[in-house]
Amino acid sequence: MHPKNLEDIPKAYSPKDIEDKWYKYWEEHNLYHSELDENKKAYTIVIPPPNITGILHIGHILNNTLQDIYIRYKRMMGFNACWVPGIDHASIATEAKVVALLKEQHITKDQISREEFLKHCYNWKEKYGGIIFQQLRKLGVSCDWQRERFTMDEHYYKKVIEAFVKLYKEGLIYRGYRMVNWDPASKSAISDEEVFYKEIQGKLWYFKYPVKETNEFVIVATTRPETMLGDTGVAVNPEDERYKHLIGKTIVLPIVGREIPLFADSYVDKEFGTGAVKVTPAHDVNDYDMAQRNNLEMINIFNEDATTNGNVPPEFQELDRYIVREKVVSRMQELGLVEKIENYTNKVGYSQRGNVPIEPYLSEQWFMKMEDLCKPALKVVQEGKVKFHPEHWVKTYEHWMTNIRDWCISRQLWWGHRIPVWYHNNTKEIYCDVIPPADIENWHQDDDVLDTWASSWLWAQDVFTNQHDQKYYYPTDLLVTAPDIIFFWVARMIIAGEYFMGDIPFKDVYFTSLVRDAQGRKMSKSLGNSPDPLDLMAEYGTDALRFTMTYIAPLGQDVLFSNEMVELGRNFANKMWNAGRFLLMNAQNIKLDPFLKHKHMDFTDKWIISRFNQTIKEVNDALDKFEVNYASKLIYSYVWNDFCDWFVELSKTRLYNGTDEVKSAVLSRAISLFEDMLKLVHPFMPFITEEIWQLLDERKTGESISTISYPKYDSTLVDIQAEREIEFVQNVVTAIRNIRGEINIAPSKQINVFLKSAAVTFAQERYIKSLVRIDQLTVDENLDKPKACASAVVKGCDIFIPLEGLIDINVERARIEKEMARVLNSFNGVRKKLENENFVAKAPVDVIEREKMKMHDMEKALDKLQSILDNLE
RNA sequence: GGGUUCUUAGCUCAGUUGGCUAGAGUGUCUGCUUGACGUGCAGAAGGUCAUAGGUUCGAAUCCUAUAGGACCCA
């Protein structure tokens, strides 16, 4: 036994010092570093790399706890577990932060060179990039920190560029003048996936456009009046009777004076607005498509920052789009060309990073052809080579993969992987390769960088920096991520895996729950409802937070979280702590002897061993099915209900009253079982289990519960007989406690109990006696019911507690009647079933047997209760 | 508009291929200075399984419709 003083073991578990102590110990002994080892099977996870601007939030807690559970579990199962941590350069997000920082110093991007700007970015990365890793260490993650990666590491950068060159050379990347989503804040194109839609209370303006050489007007409705300055046509539905006579006529665009055609296109919805729409090909996707079909002119009226350019009348030039809107409306009103204005709610696309309305915008960009790339990636998911958990995400994935458009991968930014394309200064020739052209002075490189996701899509394959490692660890085993990046990242990693590696990037994908606040709202900074995980860890303990998250977060559903919920985990940790404390206290007086571990066993020992083995199996099964939430419930229930509530209580009889050898056997066994239990809990609660495990015995330097083997399920130890014996004891004990509670017998009062039963063993009697404070227990098969007593009936046993003077007959009668009513209700249900010919004819035999048994038992119980009632006086 | 998903105790949720008297945690009420733990122990109350049909010997579970919520796509 570890020579610990009990003063070292406080009554309440105090996680503070313990957590840092053990994390340091794990790192010092390098316990989570993985090396290629052909004799061991690898189990690999790559972390979803957080942005370098990122700090830990509650969603990370869930996500990383889940990864840690699997890594720790598999490590203890004997796998070569490798969890690669890393960080994403987050092109647009980081650049925005650095621009803002420079602005504080009154520096803008145009004032400094690209190189200088990048220096500022790297400084930012040095300063903030490591914060989240320190926070993750607090969470206890068992990452291999020697493998820490960054998406702009030299090796990784090279891989990203190589990927671009390969795709370019195979014709899968092309450059085109297209309409893209333009973020006026960062002055860059963004992908479709980076746009989110907000409902905006806006207006619908009805403008009158005069038709040339007639007195007629066509009324068009628009949510964006300012774009009229770029109108090059008016469209109506070809079937629309109201406008048929006008098709082919010319409109004179007010304010501008441009003559534009009125044409028919079936895209136009007759029901919307007036049925006539103004067409602004350069600033609306649908208009762009119509313009292509109808050969319309395209007039770009905006600069890169969404101010108006020289293509609009002088008085409207170089103004913000919203100021132009007001000016256009008031001018139209002056001209008497505003028919009406209605309130209108519409959805406006916003840039995810810049949080400003995006502008559909024509520009020269790089695109990736997705159609062929998607095919194998769709197949591996449909065929189940890559499994999604929960499975229903497959449908979302399929839908996206079959409706995908080409991916705009260029960004007009500086921070990121610069596109490896050079243009010849004179010939305009294009050069694309990993190395710059030899006569570099005659070329200039493309200014743009790649979309962040066009680098992180290689994450699963290129965090491994040499081919041997890559071959050994890839495909990785599990990806744990939030479903909101299924398109951004998960799908694209599968695409990249299939294309570059010819193999899937991971076998299983676990989509985590979204963590919301107690009212079901998303966690957000502006609402202030997002708790700081570090505060929670400090207040309740890290293990408590980890356990609570897994306990409340089911697979595939959002989870409502509030700080108080962490009490559940804290209480659970405290419970385990005190169970350990109980055993250690007893070990102060009782000599332990490992050779007695299998001696002096009775049914309680066999039962807890049986329960433990079944729990191992159930936990394994749950984890294999990614039902982590269920696994945590199994563990909770085993630890608290089986081990603490019953086994520990049962063991006290022998620990306090047995012979020295019995005491020693009972305690040695209990500690051994407790130790095995800690191993089961360890992946969920690494700190407390390590601490107690280290207290339980003298351990060698560098030894840790996290690197010993996980308990193995042994089916021969499942003992149905022992479980039945315990069940009987539990039923009797609960029935007696129930009586004590309901008729208010003081706990201090010792009572006498009569059991009418044929088969109560001496051992059972002893345990019953000790668990309900019985003075005298009489067991007799042919017992007559004593007078003035409280009674209860359990399967195989009638219970009588004489309480002369203490018991009110009416109270007892009510109690028995209530119980009878309850049983009768069930009894009638079962009887009805068995009287139903169809049931007896069609239901499986075992179901019928079970029902018959049930009816028989209940019938007997009813008889007994009735006779108790009859003899009540 | 299309898709996915959900609705079970006051609250938050389990309930696996349809088959024990639908379970936990928390909250409520009652009792407890029980030689690990009041962050605890013991006991109790609390459910028309959203609604309406259908399939079935049997439905919280499967099917259809309706109502309400959440998310994704357009």
Side-chain angles (χ1 to χ4, degrees), chain A residues 6 9-13 192-193 196-197 285-286 347 390 392-400 403 483-484 486-487 514 516 518 520-522 540-541 544 548 551-554 556-562 564-586 621-622 625 627 629-630 633 636-637 640-641 644-645 648-649 652 655-656 733-734 736-748 770-773 822-830 832-844 846-848 850-851 853-854 857-858:
Chain A
L6 274 181
I9 308 172
K11 261 173 104 161
Y13 173 58
D192 294 342
E193 288 71 33
F196 71 101
Y197 292 85
V285 181
N286 297 313
K347 290 199 171 172
H392 69 77
W393 287 107
V394 171
K395 287 186 183 168
T396 309
Y397 180 83
E398 276 174 349
H399 184 257
W400 189 73
N403 291 285
D484 56 352
I486 184 168
F487 307 136
L514 199 67
R516 298 167 171 280
R521 301 173 304 182
K522 270 189 183 172
Y540 297 99
T548 303
Y551 191 90
I552 64 174
Q557 255 174 262
D558 290 352
V559 50
L560 306 191
F561 177 89
S562 66
E564 304 75 54
M565 286 178 180
V566 188
E567 287 174 14
L568 176 130
R570 181 199 60 184
N571 296 355
F572 183 55
N574 192 56
K575 189 72 185 173
M576 266 198 302
W577 179 254
N578 274 289
R581 193 162 159 266
F582 167 78
L583 296 172
L584 288 167
M585 277 173 77
N586 279 286
D621 288 350
K625 285 191 276 180
E627 292 168 351
N629 165 253
Y630 184 53
K633 284 181 177 161
Y636 185 90
S637 148
W640 203 307
N641 303 125
C644 293
D645 284 350
V648 167
E649 292 307 314
K652 284 177 181 172
L655 281 180
Y656 298 152
V733 165
T734 305
I736 296 171
R737 281 174 177 167
N738 180 325
I739 290 171
R740 286 193 91 128
E742 290 206 346
I743 52 184
N744 257 327
I745 304 169
S748 52
S770 72
L771 288 175
V772 276
R773 317 198 106 217
R822 200 179 63 85
V823 179
L824 192 65
N825 191 32
S826 314
F827 174 80
N828 284 333
V830 177
K832 241 188 188 163
K833 248 189 200 177
L834 284 166
E835 281 170 358
N836 182 339
E837 284 171 30
N838 279 322
F839 174 73
V840 182
K842 293 186 182 176
D846 59 315
V847 174
I848 297 174
R850 213 185 309 147
E851 294 296 312
M853 284 266 284
K854 236 161 66 183
D857 289 348
M858 287 190 287

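In this text the structure is predicted, and so the values were computed from the model without any measurement.
- Atoms NE2 (A:His399) and P (B:rU5) sit 14 Å apart, rounded to a whole Å.
- At whole-Å resolution of the value, CG in A:Leu514 and P in B:rC71 are 9 Å apart.
- Annotation for A:Leu771 and A:Arg737: closest pair O-NH2, 3.5 Å, computed over non-hydrogen atoms.
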> Run the side chain to side chain contact (heavy atoms under 4.5 Å, CB included) check on A:Trp640 and A:Asn571 step by step: do they pass?
Replying inline: CA-CA 10 Å; A:Trp640 203 307; A:Asn571 296 355; 4.3 Å; yes
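- Look at the P atom in both B:rU17 and B:rC63: the space between them is 12 Å, to the nearest Å.
- Closest approach of A:Leu584 to A:Ile9, counting heavy atoms only: CD1-CD1, 3.5 Å.
- The pair A:Glu851-A:Lys854 counts as a salt bridge, with a side-chain nitrogen and a carboxylate oxygen less than 4.0 angstrom apart.
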>> Pair A:Val566, A:Arg570 - check side chain to side chain contact (heavy atoms under 4.5 Å, CB included), show working.
In response: CA-CA 6 Å; A:Val566 188; A:Arg570 181 199 60 184; 5.6 Å; no
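- Separation of the C1' atoms belonging to B:rU56 and B:rA70 is 33 Å when rounded to the nearest angstrom.
- The distance from atom CG of A:Asn403 to atom P of B:rC72 is 18 Å, rounded to the nearest whole Å.
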> Which string of ( ) [ ] | and . matches RNA chain B, if you list each base 5' to 3' and count Watson-Crick or G-U pairs only when both distances are under 3.5 Å?
Replying inline: (((((((..((((.....[...)))).(((((.......))))).....(((((..]....)))))))))))).
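- Applying the ring-ring contact (aromatic ring centres under 6.0 Å, His included) test to A:Tyr397 and every residue at least two apart in sequence or in another chain returns A:Phe388.
- For the pair A:Ile739 CD1 and B:rA42 C1', the interatomic distance rounds to 14 Å; values are reported in whole Å.
- Projected onto RNA chain B by closest heavy-atom contact, A:Trp393 and A:Ile552 fall at different nucleotides, the more 5' of which corresponds to A:Ile552.
- With sequence neighbours left out, A:Phe487 forms a side chain to side chain contact (heavy atoms under 4.5 Å, CB included) with A:Glu193, A:Thr396, A:Trp400.
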> What string of B, S and - do you get for nucleotides 18-24 of chain B 5' to 3' if you count protein non-hydrogen atoms under 4.0 Å?
Replying inline: -BSB--S
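- Summarising the geometry, the separation between CZ on A:Arg516 and P on B:rG69 is reported as 14 Å, rounded to the nearest angstrom.
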Heteroatom pairs (N/O) under 3.5 angstrom, protein to nucleotides 30-41 of chain B:
unit_1, atom_1, unit_2, atom_2, d
B:rA36, OP1, A:Lys652, NZ, 3.0
B:rA36, OP2, A:Tyr656, OH, 2.8
B:rA36, O3', A:Arg581, NH1, 3.4
B:rA36, O2', A:Asn578, OD1, 2.5
B:rA36, O2', A:Arg581, NH1, 2.6
B:rA36, N7, A:Lys652, NZ, 3.4
B:rA36, N6, A:Cys644, O, 3.4
B:rA36, N6, A:Glu649, OE2, 3.0
B:rA36, N3, A:Asn578, O, 3.0
B:rA36, N3, A:Ala579, N, 3.3
B:rC37, O4', A:Asn578, OD1, 2.9
B:rC37, O4', A:Asn578, ND2, 3.4
B:rC37, O2', A:Asn574, ND2, 3.1
B:rC37, O2, A:Lys575, NZ, 2.9
B:rC37, N3, A:Lys575, NZ, 2.8
B:rU39, O4', A:Arg570, NH2, 3.3
B:rU39, O4', A:Asn571, OD1, 3.0
B:rU39, O2', A:Asn574, ND2, 2.8
B:rG40, OP1, A:Asn571, ND2, 3.1
B:rG40, O3', A:Lys575, NZ, 3.2
B:rC41, OP1, A:Lys575, NZ, 3.0
B:rC41, OP1, A:Trp640, NE1, 2.6
B:rC41, OP1, A:Asp645, OD1, 3.4

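- Distance noted for atom C1' between B:rU21 and B:rG47: 14 Å (whole Å).
- In this structure, A:Ile486 and A:Trp393 approach most closely via the heavy-atom pair CD1-O, 4.0 Å.
- Spacing of C1' atoms, B:rG54 relative to B:rA44, comes out at 40 Å, to the nearest Å.
- Of all the heavy atoms in A:Glu564 and A:Tyr540, the pair that sits closest is CA-OH, 4.1 Å.
- The distance between atom CG of A:Leu834 and atom C1' of B:rC57, rounded to the nearest whole Å, is 11 Å.
- Each of A:Thr396 and A:Asn838 was matched to the nucleotide of RNA chain B holding its nearest heavy atom; the match closer to the 5' end belongs to A:Asn838.
- Between A:Val772 and A:Arg740, the shortest heavy-atom contact is O-NH1, 2.6 Å.
- Comparing B:rU5, B:rG25, B:rC57 by their nearest atom to the side chain of A:His392 picks out B:rU5.
- Rounded to a whole Å, the CG atom of A:Leu560 is 11 Å from the C1' atom of B:rA70.
- Taking the P atom of each, B:rA45 and B:rA22 are spaced 14 Å apart, rounded to whole Å.
- The gap from the C1' atom of B:rG23 to that of B:rU8 amounts to 11 Å, rounded to the nearest Å.
- Going from the C1' atom of B:rU28 to that of B:rG35 covers 31 Å, rounded to whole Å.
- The two residues A:Pro10 and A:Arg581 make their nearest non-hydrogen contact at O-CD, 3.5 Å.
- Contact annotation for A:Ser637: no contact, since no heavy-atom pair falls under 4.0 Å across all strands.
- By the salt bridge (charged side-chain N to carboxylate O under 4.0 Å, His left out) test, A:Arg822 pairs with A:Glu819, sequence neighbours left out.
- Look at the P atom in both B:rU51 and B:rA67: the space between them is 16 Å, to the nearest Å.
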> Does the side chain to side chain contact (heavy atoms under 4.5 Å, CB included) test come out yes or no for A:Lys832 and A:Asn836, once each step is laid out?
Replying inline: CA-CA 6 Å; A:Lys832 241 188 188 163; A:Asn836 182 339; over 6 Å; no
